[in-house]
Amino acid sequence: MTRKIMLIRHGEKPDHYGREHGLDEHGIEDSRGLTVRGWQRAGALVRYFAPLQGCFRHPELDKPSAIFAVKPNTSSQRPLLTAQPLARELGLSIDARFASEEITPLLTAVALVDGPVLLSWRHSNMVDIARQLCPEQKPAREWNVDCFDQIWAFTEDAGRWTMVCIPQQLLPGDSSIAQQPTIGTSEILI
């Protein structure tokens, strides 16, 4: 059973003003893809979660033994694209069976993993994941729509989850302040 879940939002996406376009992994324009900055973030996450010397920037981080991303659909492939460079580096397959709102089946599958798990998800359902793991906690009602540079790290100890928000600080302009403060604990539900 996993004792560590690291939840990230996918990398940056096209804006609504047509200034930043989405690209697929070959650099071809694709509205379902990441922007140039999103691809930079995806690449930087490789050394963030698989540092060469094994020294993580934060004690709540670890090298994933499994990666889950939202099932791609007609409007977005961004969670999958964000996780692909790291998965390639680690020699892992990405489990993309679950739609964004399929939180209970996702967490059931995650619970079966032996080792740390990385989830690359859409902001609209990230709070649902936090609420299922830690139902009495009060994270933000919604993940900030403009936030791409944070991690919610969950650690299980003796049947209880703790949650901490960690700023990535990977790219120029990333916030050095956690979006959410450290938040209490909860009994394990998965």
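Lys4 NZ to Leu118 CG: the interatomic distance, rounded to the nearest 0.5 Å, is 12.0 Å.
For the pair Phe68/Ile5, no side-chain contact is recorded, criterion being any heavy-atom separation below 4.5 Å from C-beta on. Within the 4.5 Å cutoff, the side chain of Leu133 has no heavy atoms near those of the Met163 side chain. His10 is not listed as a side-chain neighbour of Leu81, based on a closest heavy-atom distance of 4.5 Å or more. Side-chain contact check for Leu170 versus Asp149: every heavy-atom pair is 4.5 Å or farther apart. You'll find the side chain of His123 stays beyond 4.5 Å of the side chain of Phe148, heavy atoms only. The side-chain heavy atoms of Ile8 and Tyr48, taken from C-beta on, include no pair separated by under 4.5 Å. Taking 4.5 Å as the limit, some side-chain heavy atom of Leu45 sits within range of a side-chain heavy atom of Thr82. Side-chain contact between Glu20 and Pro14 is absent, with no heavy-atom pair separated by less than 4.5 Å.
With ring centers used as reference points, Trp143 lies under 6.0 Å from Trp152.
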Evaluation steps, side-chain contact (heavy atoms from CB on, under 4.5 Å), between Ile28 and Asp30: CA-CA 6 Å; Ile28 307 295; Asp30 183 344; 5.9 Å; no
CA sep, side-chain torsions, deciding dist, call: Gln168, Arg41, side chain to side chain donor-acceptor pair (under 3.5 Å): CA-CA 10 Å; Gln168 292 175 4; Arg41 183 169 310 284; 2.8 Å; yes
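Residues Asn125 and Ser100 have side chains that bring a donor and an acceptor to within less than 3.5 angstrom of each other.
Taking every heavy atom of both residues into account, Ile94 and Ala87 meet most closely at CG1-CB, 3.6 Å. Closest heavy-atom contact between Asp114 and Ser65: O-OG, 3.3 Å. Listed here is the closest heavy atom pair of Arg37 and Gly173: NH2-C, 4.1 Å. Between Ile103 and Ile129, the shortest heavy-atom contact is CD1-CG1, 3.6 Å. The shortest non-hydrogen separation linking Gln169 to Ser176 is NE2-CB, 3.0 Å.
Between Arg122 and Asp128 there is no salt bridge, since no side-chain N of the basic residue sits under 4.0 Å from a carboxylate O of the acidic one.
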